[in-house]
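All remarks here apply to the structure that follows.
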Amino acid sequence: MIDLKKRLGEGVIFYGAYMGELLVAGTMVFVFEKVRCAHTQYLAADPDYAHVNAMSFIYYKMIEIYMEKGFQYLSWGTTTEHGGEEINWNLANNKEEFGSLHSVNSIFEKHINNE
């Protein structure tokens with residue numbers, strides 16, 4: 001993640017929720033200025049602090065930040081498992097609780113070797 005930040009600069013932002021000095025939840029966000037979209041990736045939360053809903057707080061603050069910047073989209077990524085074969089309904093419901101809507105993403109593949 002640090003390497004991505006070095007290579008992409010302001011195109012990658014880290015958000016964290018702290019209790020004192022302890023990081024209890026965080027995410028990495030890819031910022032696509034041209035299309036006014038922020039995409040979360042690599043979300044993590046300490047299960048010992050689930051009762052404080054730190055990830056929900058991060059989501060809420062990100063919605064505020066990107067609305068203020070005039071962004072049109074905040075992407076929480078896929079909600080599928082097993083290579084897109086199964087929907088993780090708990091994850092989908094969690095995202096929808098923040099007012100998100102689902103959409104279908106196309107996958108494009110290009111084989112780059114003869115094997």
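Small disclaimer: the values here were computed from a predicted structure and weren't measured.
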Please report the shortest heavy-atom distance between [X] and [Y], naming the atom on each side.
| X | Y | result |
| --- | --- | --- |
| Y73 | V35 | CD1-O, 4.2 Å |
| A54 | V24 | CB-CG2, 3.6 Å |
| W76 | H39 | C-CE1, 4.5 Å |
| L43 | T40 | CD1-OG1, 4.0 Å |

Original post:
In this structure, are over 12 heavy atoms from other groups packed under 6.0 Å from E64 atom CD?
Top reply: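 Count over threshold, so yes.
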Original post:
Does a sphere of radius 6.0 Å around CZ in F14 hold more than 12 heavy atoms from other residues, nucleotides or ligands, not counting ones at 6.0 Å or beyond?
Top reply: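 Buried by this count: over 12 neighbours within 6.0 Å.
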Measuring only between side-chain heavy atoms, which start at C-beta, is [X] closer than 4.5 Å to [Y]?
| X | Y | value |
| --- | --- | --- |
| M62 | V29 | yes |
| T27 | Q41 | no |
| V31 | F71 | yes |
| Y59 | N53 | no |
| T80 | E85 | no |
| L22 | Y49 | yes |
| F30 | V12 | yes |
| M67 | L74 | no |

**OP:** Would you sort out whether M19 and V52 count as a side-chain contact (heavy atoms from CB on, under 4.5 Å), showing the intermediate values?
**Re:** CA-CA 9 Å; M19 291 196 65; V52 299; 4.0 Å; yes
Do the side chain of [X] and the main chain of [Y] share a donor and acceptor less than 3.5 angstrom apart?
| X | Y | value |
| --- | --- | --- |
| R36 | K69 | yes |
| N94 | N90 | no |
| N88 | L91 | yes |
| K95 | S75 | no |

Original post:
What distance do N93 atom CG and T79 atom OG1 have between them, rounded to the nearest 0.5 Å?
Top reply: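 It is 9.5 Å, given to the nearest 0.5 Å.
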